[in-house]
Amino acid sequence: MSDVETRFLPLLPLSTGVVLPQMVVPLGLESDEAKAAADAALGGDGLLVLVPRIETDDGPTVYAKVGTVAKIEEAGRLPGGGRGVLVRGLHRAVLGAAVPGFGQGSSGNGLFVQAEPVEDPAGAPTERARELMKEYRAVIEAILEHRQARPLAEALRGIGDAGTMADSAGYSPDLSFEQRIELLETIDVTERLEKALAWARETLGELELKARIRTDVSEGMEKRQREFMLRQQMDAIRKELGESDGDVAAEYRAKVAEMAMPTAVREAVEREIDRLERTGEQSPEHSWIRTWLDTLTELPWGKRSEDRLDLTEARAILDADHTGLDDVKERIVEHLAVRKLRKDRGLDEVASDDTTVPARGGSGAILVLVGPPGVGKTSLGESVARALGRKFVRVALGGVRDEAEIRGHRRTYVGAQAGSCGR
C-alpha cells in the first residue's frame, strides 16, 4: 500500500479533541501518560499515535478503534508554563495490541500501541466522490456566508483530494466529540464524505431557520414601529385639521365597556374600532365601519323586558286602540296564546352559551302587516308592544332601495356581487 509499515508507536490519549490527518494543532501535555508518550516520540523519530479516549461511567478506559499517526513538529513550553507540543497529523492507523514501555528510545513509561497504517487511496476520486465533494463545498460555502466568513471558502476550493476534504469537517465547531470520532473511524472515503455532507446539511438547515426567524422578528418589529410612527403622524395631522377620529374611537370604546356584550361580539367590535383608527375618512370603509359600529352600540345588549302574556288584556288593548281589523287582532292573539302555552309547558327554556347574556326562552317571530299608508300598521305594532310590556322601536326603511342595507351586508355586498359575476 505504501512505504509506511505497521509498528509500535507511543500512545497519546486525547480526552476532548480529535486530530485528523493533515491537521496541525498544539497539544498541552498535562497528564503523566501524555508526557511519557511525547518523551518516547522525541527520543525516536518523533512519531506517535493520537487516540481519542471515550469516557465511560464505569469499567476500563475505552479508546477509539482508529487513531491518527502524527509527527511532533515542535516541543516547548506553553504561555502558562506547562509543556506542549505542535503535532501534524499524517494518516489513520487501525490500533492493535498495546504494551507498556516498548520501542526504541522508550523510558519504560507510557503505552505503546500497534498501529496498522490506513491511507486514503491515491489517484482521481470516483464519480460519486466528485459529486459529494462538489455538493459539500457548496454547503460549506453557504454556512460560511451565513457566518460572514466567506473568505475561508477559498481554502476549501483548493482541496482536490476527497479524503482531505472529508477530514476538513473536523475543523467545524458544530460537530460533537462523538461525531469527530465517527469521522475518524470511517475508513471509506465516500462514506466519510456522505457523513460530513449530512452533518453540514443539518448545520445549514439550523442556520437558515435561525436567519428566517431573525428576519421575521425584525420585519415584525419594523412594521410595528412604522405603524406607530404613521399613527402618530395621522393624529398630529387630524389635530391640525380639527378632526377627532381618535375621540370617536375612544367614545366607541367607552360605550362598549359599559355594555354587556357577548365575548365574541365584543372582540369583533374592538377589531372594527382599531380598523376605524387606521382608516382615513376618504375611504368608503370609514363610513361603513362607523355605520356598523353605531348599529352594534345602539342595540340594548343585556337589557331585557319580561313578557306579559295576558290574552284578555292584550285583546282589550287592541280593541281600545283600533276599531275593526278583527282578522288581524285574532291572528295576533293566536300568536300570543301559542307563546303563553309554550312558556307554561317549559318548552321555551333554552340555556345561553354566554354568561354575559341572560337565558331567554323561545325564538322570535316576525309578523308582517301589509297595507297602504295610514291603515294602522305602525299603531298595531305599538299596541302589541304595549300589550307585551315591551318597548317599541320604529326603524323607518323608506327610501332604502338596496337589499344590502336592509340585510346589513353593505360592507360585503360589492365583493359578493363580484364573486357571483365571476362564477
Side-chain angles (χ1 to χ4, degrees), residues 9-31 33-34 37 48-70 84-85 87-98 111 113-120 128-129 132-133 135-137 139-140 142-144 146-147 149 152 156 159 161-210:
L9 293 175
L11 172 66
L12 197 160
L14 302 176
S15 300
T16 55
V18 176
V19 177
L20 295 166
Q22 309 307 320
M23 283 187 175
V24 178
V25 295
L27 298 177
L29 304 177
E30 299 178 357
S31 64
E33 55 185 348
L48 45 71
V49 181
L50 306 175
V51 184
R53 178 163 48 196
I54 303 173
E55 298 293 337
T56 57
D57 295 335
D58 51 6
T61 303
V62 179
Y63 296 97
K65 300 177 182 178
V66 178
T68 300
V69 176
V85 292
V87 298
R88 178 187 297 275
L90 301 178
H91 56 79
R92 285 174 172 77
V94 178
L95 305 183
L111 286 176
V113 65
Q114 185 181 14
E116 180 181 350
V118 177
E119 293 185 303
D120 293 331
R128 173 62 177 163
L132 292 172
M133 290 173 65
E135 187 173 357
Y136 179 74
R137 187 181 292 111
V139 173
I140 293 300
I143 292 175
L144 294 175
H146 274 284
R147 290 176 170 165
L152 295 178
L156 194 64
I159 299 176
D161 180 68
T164 303
M165 179 168 289
D167 288 339
S168 67
Y171 290 103
S172 172
D174 303 297
L175 294 189
S176 63
F177 182 60
E178 291 74 17
Q179 286 175 322
R180 288 185 170 88
I181 294 177
E182 186 176 351
L183 190 69
L184 175 64
E185 292 182 338
T186 304
I187 304 300
D188 184 75
V189 176
T190 303
E191 183 181 354
R192 200 187 315 157
L193 271 172
E194 290 174 346
K195 291 183 178 181
L197 178 58
W199 295 331
R201 284 174 179 165
E202 292 179 1
T203 300
L204 180 59
E206 293 177 359
L207 291 175
E208 289 177 344
L209 177 60
K210 292 178 181 178

Original post:
Do L193 and T190 have side chains that get closer than 4.5 Å, going by heavy atoms?
Top reply: no
Subject >> Derivation of the side chain to side chain contact (heavy atoms under 4.5 Å, CB included) call for V118 and V66 >> reply: CA-CA 9 Å; V118 177; V66 178; over 6 Å; no
Subject >> Charged N-O contact under 4.0 Å between R128 and E194 >> reply: yes
Original post:
Hey, what do you get for CG (L27) to CG (L12), rounding to the nearest 0.5 Å?
Top reply: 6.5 Å
Original post:
Are the side chain of R201 and the backbone N or O of V139 linked by a donor-acceptor pair below 3.5 Å?
Top reply: no
**OP:** Any chance you could measure D167, atom CG, to H91, atom NE2, to the nearest 0.5 Å?
**Re:** 13.0 Å
Subject >> More than 12 heavy atoms of other groups within 6.0 Å of R53 CZ >> reply: yes
Original post:
Does S172 reach the main-chain N or O of D174 with its side chain, forming a donor-acceptor pair under 3.5 Å?
Top reply: yes
Original post:
Do other residues, nucleotides or ligands put more than 12 heavy atoms under 6.0 Å from the CD atom of E30?
Top reply: no
**OP:** Report the distance from atom CG of L197 to atom CE of M165, rounding to the nearest 0.5 Å.
**Re:** 11.0 Å
**OP:** Find the distance between OH (Y171) and CG (L20) and round it off to the nearest 0.5 Å.
**Re:** 8.0 Å
Original post:
Step by step, would you call E182 with E178 a side chain to side chain contact (heavy atoms under 4.5 Å, CB included)?
Top reply: CA-CA 6 Å; E182 186 176 351; E178 291 74 17; over 6 Å; no
Original post:
Is any side-chain N of the basic residue among E206 and K210 closer than 4.0 Å to the acidic one's carboxylate O?
Top reply: no
**OP:** Determine, step by step, whether R137 and I159 satisfy the side chain to side chain contact (heavy atoms under 4.5 Å, CB included) criterion, reporting the C-alpha distance in whole Å, the side-chain angles of both residues, the deciding distance to 0.1 Å, and the verdict.
**Re:** CA-CA 10 Å; R137 187 181 292 111; I159 299 176; 5.6 Å; no
**OP:** Go through the steps to decide whether R192 and L183 satisfy the test side chain to side chain contact (heavy atoms under 4.5 Å, CB included), and finish with yes or no.
**Re:** CA-CA 6 Å; R192 200 187 315 157; L183 190 69; 3.4 Å; yes
**OP:** To the nearest 0.5 Å, tell me how far T203 OG1 sits from E208 CD.
**Re:** 11.0 Å
Original post:
Can you tell me how far the CZ atom of R180 sits from the CG atom of L184, to the nearest 0.5 Å?
Top reply: 11.5 Å
